[in-house]
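In what follows, a structure is listed as structure tokens, so that the remarks can point back to it.
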Amino acid sequence: MKSDDVLLQKNVRIEREKDKRERDEFVQRMLDRDQNKTRQKSNDETVVADDGEEMNLDRLRTESRRVYLKKRQEREVTLLKQSLEDEEELFRNQKLSTTERKRIELGRKIIKMVEKNENEDENQDDGFYRLPDEYDEKDTKDAQDQARLSSRYVEDKREKSEQELWEESQTRKADITHKKKKPSNEKQYDLVFEDQIDFVMQETTKGYDKRDKKHSKVKEMIKKEDEDDKLVALKPITEHEKILAGRKKLPVFPYREEFLAAVKDHQILVLVGETGSGKTTQIPQYLHEIGYSELGKIGCTQPRRVAAMSVAARVSQEMNVKLGKEVGYSIRFENCTSEATVIQYMTDGMLLREILTEPDLSSYSCMIIDEAHERTLHSDILFGLVKDIVRFRPDLKLIISSATMDAEKFSKYFDDASIFMIPGRMFPVDIFYTKSPEADYVDAAVVTVLQIHVSQPVGSGDVLVFLTGQEEIETATEILIQRTRNLGSRISELLICPVYANLPSEQQAKIFEKTPKGARKVVLATNIAETSLTIDGICYVIDTGFNKQKSYNARSGMESLVVTPVSQAASNQRAGRAGRTAPGKCFRLFTAWSFQHELDANTIPEILRTNLGNVVLMLKSLGINDLIHFDFMDKPPADALIRSLEQLYALGALNDVGELTKLGRRMAEFPLEPMLSKSVICSEKYKCVSEVLSTVAMLSLGSSVFYRPKEKKIMADTARMNFARGGGGDHATMLRCYTDWASTDYSDGWCFENFVQVRSIRRARDIREQLENLCERVEIDKTVSKPDDNDALLKAITSGFFYNVAKLGRTGDYQTVKQQRTVYIHPSSVLSKEEEPPLWLVYFELAFTTKEFMRQVAPIDPSWLVEIAPHYYQQSDVEDSKAKKMPKSKSRGR
DNA sequence: GAGCACTGC
């Protein structure tokens, strides 16, 4: 701690410019050092080239998405034009109603607008993004495709007489009747999508049984055994025996001996097991049975908490032991293991934390990294670490378990490790594509649902629709309810169940209820249904081809959530959801051509699109100093790494040669973003540890604690404003909310009355407890507290977030102090309605949606900045604004 | 007066 103070004092003396220069030098030094190392290395390796290529690749990916969206738009316009031309002929013949005339005019306008935008785009693009080879090649392909598309349209056009077209336009008006039509091959020329969609069946995913002779042989064997058993003794079998028999029927079972032999021969093994092969439950047991558990624990990581828990429970049942004894799991807030544990399931983040205290994994004899293809941030770091550990621990067996697509890549990364394949247990799924692109995928999805419901027998299976977010799900639900109501009793019952993570859990439970006879269930889900939860009875999947993805811009430090086309891998994963219990069908709302040419093969790994502050701090505290050349499977952009290093330096977690300081070491102990950790550590100085802990716990929740149902918006808002009374912005609001809840002895009823999400705030409580326990380890006296002192709280917050300060400018907008970027208070903030907005703000995060918004803001006194971060702020910065303050607050009449 | 996909420590 003393050294930190010295550092701060030293910094006081540094002039601001000098300081800036120093920072630049620091970054430069880091770069130089790394480059020198590269040069040394590059004699035998071509790291430099790799590095450059990596950057280009990244740019390529962004570019390909741009091209994708643009092309999609272009084709929509072409189609729009064609259908318009068509209708125009009718227009001339005076056979259209006035509404349809209006619609055509509207269509023309849209086309003009889009074309205008495109031209602007092109002008901007010149010289920047054009990537000669690939772009041109794609262009021609696209042109061919379009030519093909249009020729089809010409043919279609000839087939239809004017009379028919007129009839069709009449049919369109009669909304109810046309829905009952059977799917046909006639294409209807619609501007707005509201009719049938044509699908083409393109392929069928392979089922498991036919290609797997080995498996069927064993099945016969078991069947025979079973029959023998029945003949020999008719005694009832116990529950456990039944489970054991079930184990033998899993697709992995016939490969047991082969697999164990492979493990014996190879230290690293890439295991390709398709879904339903039983690998997650069986492999650790096999390793245990053959005796690896005597050398050390068998670990198995999962990307999700629930998975770790449920798999551990299942395995303990199979082994007939109590959960938490021989078989256990460890996840955040819950350690269900003991001295006796030999098979341990855990989340990948938990293993990372474990590596911090046990860098060589010495208590393990085998480590299985499951679901590696998901490429979570945590598992990506694990790959790098584990690859290194394996080198100096030849006795450690490493198994990387992944789905089919990435196996080669994993094998290559792990020094050409051998690949072991296990077939899965999946039913075939027919894949359908649309004949032409759909403009409005939400509407298209709704129509497809109705099409399936009408044309497929009820009882043949439920429908699962993938949409991008809560809003879309809500609109889709409304449209569906309305249309089914219009159809009335002419169709059988359709149960509509929305699912997304923010939905209260009682409503989420609805999707698991069994579908009553004579009805069909439609589940409208976000990508939560892709991996996190499985629903039985789904036989039809509708894939819109989009999801929301986080992206991070290192230069501006801004995260944004964007609707993005899914990858081929993700789309296949979605399709797979239809074939879990019976053969299924998957309807993709895009063309087969787009699937092949426009979708990326794999989703961009998380590590390439996230803020790396935490990752860098963790690696540094593991003693890995050369981050630029850390063996990442996909290297994060150098920009992002440097920005994180710079930020950690500013926070005092790194010294001027990029080494971890004592403060940094303490910060790394907390499972928090670096800025939040810093606030916690500094809270002791301002004597408000308890308050900061609660606030930080609430801040780190991510999602909103305040529940806001549509029909009770005003009540919910007033409830929230109650907490805002007393000032201190969103931070103090959250704190008061938490303390009030705590004072009611954590009552659920209180949450209900105050429109607070029970699930979220309970999580805050867990986090707070965990942080409190960690305080002891980093020697923070957690008892000091200053209730109702906003200044103390905000000073502690500011010591972590002095980077995120914005100042009210003359125009009435805020500008960030660091980058002079114009930003706005998010409307969800309690300060957004303030008559007189504070001059200086500290914000928790920037999020780009429609504008650049600051989320979770609090007013501060600019003089604190000089006090707290003298190496960043100078007296002159602060005085400057005080001078402006007097005339402005009056002249800016609101 | 806008909008929060999903995990995880």
Side-chain angles (χ1 to χ4, degrees), chain A residues 301-308 330-335 346-357 371 374-382 466-475 499-503 525-533 544 546-551 559-564 566 570 573 603 605-607 609-610 613-615 617-618 621 667-674 676-677 697 700-708 710 713 717 757 760 763 766-767 770-771 774 824-829 831-834 845 847-856:
Chain A
T301 71
Q302 293 291 318
R304 276 166 295 278
R305 296 160 52 90
V306 261
S330 87
I331 55 181
R332 189 183 186 184
F333 311 131
E334 220 181 317
N335 187 357
M346 61 194 114
T347 46
D348 44 17
M350 206 65 204
L351 182 62
L352 264 186
R353 285 276 146 193
E354 223 168 275
I355 289 183
L356 277 179
T357 51
E371 315 283 357
E374 284 190 29
R375 303 290 307 274
T376 64
L377 178 62
H378 289 153
S379 60
D380 259 24
I381 306 167
L382 277 178
F466 283 102
L467 294 162
T468 65
Q470 179 175 351
E471 201 186 329
E472 271 177 29
I473 290 177
E474 275 165 6
T475 47
V499 193
Y500 43 88
N502 268 343
L503 196 76
T526 59
N527 35 2
I528 192 173
E530 226 168 83
T531 45
S532 303
L533 44 90
T544 54
F546 287 96
N547 64 7
K548 276 192 188 167
Q549 269 180 36
K550 196 168 71 179
S551 72
E559 289 189 336
S560 45
L561 207 55
V562 197
V563 174
T564 322
V566 296
Q573 170 87 16
T603 312
E606 199 184 351
I607 198 160
R609 40 185 182 88
T610 194
N614 230 337
V615 175
L617 188 62
M618 171 167 279
S621 62
M667 278 164 67
E669 288 291 323
F670 290 101
L672 293 171
E673 294 297 312
L676 287 170
S677 316
S700 64
L701 286 178
S703 63
S704 176
V705 231
F706 299 106
Y707 180 56
R708 212 162 164 256
K710 256 190 198 152
K713 270 184 189 163
D717 284 348
Q757 298 242 30
S760 306
R763 215 180 118 75
D766 287 337
I767 295 173
Q770 192 191 21
L771 296 178
L774 284 168
Y824 304 86
I825 299 182
H826 196 276
S828 69
S829 163
L831 289 183
S832 66
K833 287 157 212 149
E834 204 84 338
E845 62 180 353
F848 181 80
T849 45
T850 48
K851 281 188 203 164
E852 301 190 353
F853 285 113
M854 299 178 278
R855 283 180 13 201
Q856 322 294 11

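Below, read A as the first sequence line, B as the second, and so on, with proteins coming before strands; counting in each chain starts at 1.
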Output the rounded distance in Å from [atom1] ([X]) to [atom2] ([N]).
| X | N | atom1 | atom2 | answer |
| --- | --- | --- | --- | --- |
| A/Phe848 | B/dC4 | CZ | C1' | 16 Å |
| A/Leu382 | B/dT7 | CG | P | 19 Å |
| A/Asp717 | B/dA2 | CG | P | 14 Å |
| A/Glu472 | B/dA5 | CD | P | 9 Å |
| A/Leu351 | B/dG8 | CG | P | 15 Å |
| A/Glu371 | B/dG8 | CD | C1' | 15 Å |
| A/Phe853 | B/dC4 | CZ | P | 9 Å |
| A/Ile473 | B/dC6 | CD1 | C1' | 12 Å |

Hey, does [X] reach any base, or is it just sugar-phosphate, or nothing, if we go heavy atoms under 4.0 Å?
| X | answer |
| --- | --- |
| A/Arg304 | sugar-phosphate |
| A/Leu561 | base |
| A/Phe670 | nothing |
| A/Asn527 | base |
| A/Ile331 | sugar-phosphate |
| A/Glu530 | nothing |
| A/Arg855 | base |
| A/Thr376 | nothing |

As a test of reading the structure: which of [options] is closest to the side chain of [X], going by heavy atoms?
| X | options | result |
| --- | --- | --- |
| A/Arg305 | B/dA5, B/dC6, B/dC9 | B/dC9 |
| A/Glu606 | B/dT7, B/dC9, B/dA2 | B/dT7 |
| A/Ile528 | B/dT7, B/dC9, B/dA2 | B/dT7 |
| A/Ala501 | B/dC9, B/dC6, B/dA5 | B/dC6 |

**Prompt:** Looking only at atom types and distance, does a side-chain atom of A/Thr610 sit under 3.5 Å from a main-chain N or O of A/Ile607, one as donor and one as acceptor?
**Reply:**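 Not confirmed, A/Thr610 side chain does not pair with A/Ile607 backbone.
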
**Item:** A/Val705 backbone acceptor or donor facing A/Ser760 side chain under 3.5 Å
**Value:**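 Side chain of A/Ser760 to backbone of A/Val705, a donor-acceptor pair under 3.5 Å: no, none is there.
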
**Closest-nucleotide ordering on DNA chain B, the 5'-leading residue of A/Arg332 and A/Thr526** =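 That would be A/Thr526.
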
**Request:** Could you pick out which residue, A/Ser700 or A/Gln470, lies toward the 5' side of DNA chain B when each is mapped onto its nearest nucleotide?
**Result:** A/Gln470

**Message:** List the residues meeting side-chain contact (heavy atoms from CB on, under 4.5 Å) with A/Ala570, not counting sequence neighbours, and say none if there are none.
**Reply:**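 So A/Ala570 forms a side-chain contact (heavy atoms from CB on, under 4.5 Å) with A/Glu530, A/Val566, A/Ser567, A/Thr603.
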
**Asked** Quick one: is B/dC9 close enough that its OP1 or OP2 comes under 4.0 Å of any side-chain N or O from A/Thr347?
**Response**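 Looking at the OP1 and OP2 atoms of B/dC9, one of them is under 4.0 Å from a side-chain N or O of A/Thr347.
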
**Request:** Mind checking ring pair (Phe, Tyr, Trp, His ring centres under 6.0 Å) for A/His826 and listing every partner two or more places apart, or none if nothing turns up?
**Result:**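 Ring pair (Phe, Tyr, Trp, His ring centres under 6.0 Å) check on A/His826 returns A/Phe853.
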
**Item:** Pairwise side-chain contact, A/Tyr500 with A/Ile528, heavy-atom cut-off 4.5 Å (strictly under)
**Value:** no

**Prompt:** Is it true that A/Glu472 and A/Lys548 have a side-chain N and a carboxylate O under 4.0 angstrom from each other?
**Reply:**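 A/Lys548 and A/Glu472: not salt-bridged.
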
